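Okay, structure first, notes after.
For the numbers below, each heavy atom of this structure counts, side chains included, while hydrogens, waters and symmetry mates do not. Every value quoted in this text rests on a predicted model; they were computed, and no experiment measured them. Ligands are counted one by one from 1 in listed order, and the atoms in each one are counted from 1 as well.
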Amino acid sequence: IDQQRIRNFCIIAHIDHGKSTLADRILQATGLVDDRLMKEQYLDRLDLERERGITIKAQSVRIPYKAKDGRDYVLNLIDTPGHVDFSYEVSRSLVACEGALLVVDASQGVEAQSLANAYLALENNLEIIPVLNKIDLPSAEPERIKAEIEEIIGLDCKDALLISAKTGQGVPEVLERIITDLPPPMGDTKAPLKALIFDSWYDTYLGVVVLFRVVDGRIKLGQDILLHSTKARFEVTKLGVFSPDPIALNELGPGEVGFLCAGIKILTDARVGDTITDPDNPTLSPAPGFKKITAMVFCGMYPVEPNEYGTLKHSLEKLQLNDAAFTFEPETSHALGFGFRCGFLGLLHMEIIQERLEREFQARLLVTAPSVIYQVRTLEGETLPVDNPSKLPPLNKIEHIAEPYVHMEVHVPNEYLGAVLALCEECRGTQKDLRFLSSTRVIVTYELPFAEIVYDFFDRLKSVTRGYASLDYEFIDFRPSELVKLDILINSETVDALSIIVHKDKAYAQGRELASRLRSVIPRQLFEVVIQAAIGQRIIAKERVAPMRKNVTAKCYGGDITRKRKLLEKQKEGKRRMKRMGNIDIPQEAFLAVLRKD
Ligand code: GDP
Ligand code: MG
C-alpha cells in the first residue's frame, strides 16, 4: 500500500470519557463491523474487560475507508488501555502511531489521564486531534472545555471536533479529520526491514502472536527474521492483519500494522519494544526498546485445597504467557501452606488476575493482603528486596527500610481542594505544586509513599470529592521510612499471612483497627478466639471472639431432609474460602481485612 494512503492512530482519553464507544462507532461507521454483529466495546477482547468496562490489553484493527476525496485509505486503529495501572501499555501503543484522537468528555473536562496521555503522545511526536465527546448530554459545555484544553494541554481547539460517540453524531467528521490532519507514515521502502513489536501474546493454537508496525522495508511470509535484542532467528509462518478478524497476507510494507507467527515458543523471545529485522540485512537503527516493567504490588495466592497446588501453578503459568507484567514464584506460609507470591502493576491488575483465575481456570484461592515491594538495607550493607512482610529480616539486622514513592497529580474542583489536601497529608504526602487550571479547577502535585495509595486511596479520593477528582501517578524512587512490621496473633500464634508493614506513627491505630475488623470477620468457634496485634514483642491491641453458644445444625434435627441438605450445602459453600489453622477456620475476608477502611 502507498504510505500516503495509510493513517495510524490511537485514541487516548481519561477513563470513561468514551474511548471504547468511539472505537465502536468508527468500526460501524466504516462498515467494518456489521450493525447486527456489533457488541458494545467490540475491541475489548476479554469478557472481563467488557464487563468491567475497562480496556486492558491493547488491540489494533485495520479499517478500510473510502474518504470524501474519493480515494481508498487504510486506517489502523491502535487501541490503548485506560487505567493508571496500565499506563505502560499506553506508551507502547503510541510508537505505532503518527497521530492520536484526544477524547475529552465535554461535561467533565480535562482529567488527570487526559493530561498524562496527551503528554505521552506529545513526547512521541504524535499529532493530536482534540475531540469533545458526549455533546448529547445537557450538561455538556464544549466551549468551556475547549478553553480548558487550550489552557492546560496547550492544544489549539479552534477546530476541535464536537461529537457524541453514543449517537454517532460527528463521527464521520472524525474519520475525515484523521485523513486530512494526521500525517501518513514516512518509512523508507528500500531500507532494511525494521519493525517494532508493540504487543505480543500467547495463543494456544498459534503459539506467540506478535503485533508489530513496519517502520522501514518490507516483511514477507516465509522469510527469516531476527529479533534485535535477543538475536533470536525465526521463520515467519503466518503474516496478516486484524480487520477485525485475522486476514492472511504475503507481505507488509512501511507504515503497515500487522501480526505474525514464527514458531516463537515463549513470550520473552518477542519482547514488546523490540525490533524485528532481516538477519541478512539488519537495520542500523533499531528502536531503543521499552524499559522493563516491574511489579510493584505483591500478594500471596494459595489454593483452598492443598491438592490443587499443581493446577494453580499451571493456571498461573498460562496467565503469565499473556501478561509479561504479572510475575509469580513459589512461597510457603506457615499458616497457609504452599502457594505463590504474585507480583502486579497495581491493585486493579491484581483483581483482574484473581478474577481470571477464578473464572477461566476455576481456581479456588485464598489471597493475602497486597503489599508493595520494599528495599531493606541490612547492617551488613546488603540491599534486599522484600515483597512479603513476613519475610522482613529481624529488626536488629536492619539499617533501614526504604519504600517506593510516587509522583502524583490530582485534578480537582476548587471546592474539594481542602479535602484532597487533607487526604494527601494523612497519606504522608509532601506537596510539590498547586496550580489553578481555571477559577474552578486545581492540579495538586504530591510525592507520597505508594503503599499509602495502594489500598483504598482511589475510593477515599472519590468519596471526599464526590467522584470529581482524578489522578495519575508514576514511580520516582525508594526512600527510607520509619517502618515497622505489624503482626497478628490468633490464640497466641503469629499468623504470618496476616503480617503487614506500616509506618511507625500509624502502627497503633492500624493495629487496633485491624484487630477489631478481624474480630468481625472471624466466625465464632466452639471456644474463645483471642486476636492480638503486635509490634515485635509488644502487644498493642486485643480482641475476643466469644465461643459459639448453639450448634448450627441443631435446628435441622427432625426437619425435612432437603432443608438439611441445603443448609449443609450452604455451609460447604461458605467454607470454600476458609483455611483451617490449628483448630480455627479463618475466612478469606480476614486476609483482606487490612484493605477495608470505613
Ligand atoms: P472509556 O473508558 O474511555 O473506554 O469509555 P467508554 O467508551 O467505556 O464510555 C464510558 C461511558 O460513557 C459508557 O457508559 C458510555 O456508554 C458513555 N458514553 C460514551 N460516549 C458517550 C456519548 O457520546 N454520550 C453519552 N451520553 N454517553 C457516552
Ligand atoms: Mg474503554
### Query
According to the interplanar angle, ranging from 0 to 90°, do the rings of H349 and F326 count as parallel (below 30°), tilted (30 to 60°) or perpendicular (above 60°)?
perpendicular
#### Entry: Parallel, tilted or perpendicular, as decided by the 30° and 60° cut-offs, for the rings of F340 and F328
perpendicular
### Message
Between E111 and R441, does any side-chain N to carboxylate O distance fall below 4.0 Å?
### Response
yes
### Query
Do any nitrogen or oxygen atoms of A165 come within less than 3.5 Å of a nitrogen or oxygen of ligand 1?
yes
### Query
ligand 1 versus K19, non-hydrogen atoms closer than 4.0 Å: side chain, backbone, both, neither?
both
### Task
Please state which part of D16 comes within less than 4.0 Å of ligand 1, counting heavy atoms only: side chain, backbone, both or neither.
both
### Task
Give yes if a backbone or side-chain nitrogen or oxygen of I163 is under 3.5 Å from a nitrogen or oxygen of ligand 1, and no if not.
no
### Message
Would you say that more than 12 heavy atoms from the other residues, nucleotides or ligands in this model lie under 6.0 Å from the OH of Y416, or not?
### Response
yes
### Message
I'd like the name of whichever of K134, K166, Q113 reaches closest to atom 17 (C) of ligand 1 through any heavy atom.
### Response
K134
### Query
Considering only heavy atoms, does T21 approach ligand 1 within less than 4.0 Å through its side chain, its backbone, both, or neither?
both
### Task
Output all residues satisfying salt bridge (Lys or Arg N to Asp or Glu O under 4.0 Å) with D156, sequence neighbours left out; order by chain, then residue number.
K158
### Query
Counting from 1, what ligand 1 atoms have a heavy atom of L137 closer than 4.0 Å?
26 (N)
### Query
Taking NZ, NE, NH1 and NH2 as the nitrogens, is one of them in D136 or K134 under 4.0 Å from a carboxylate oxygen of the other?
no
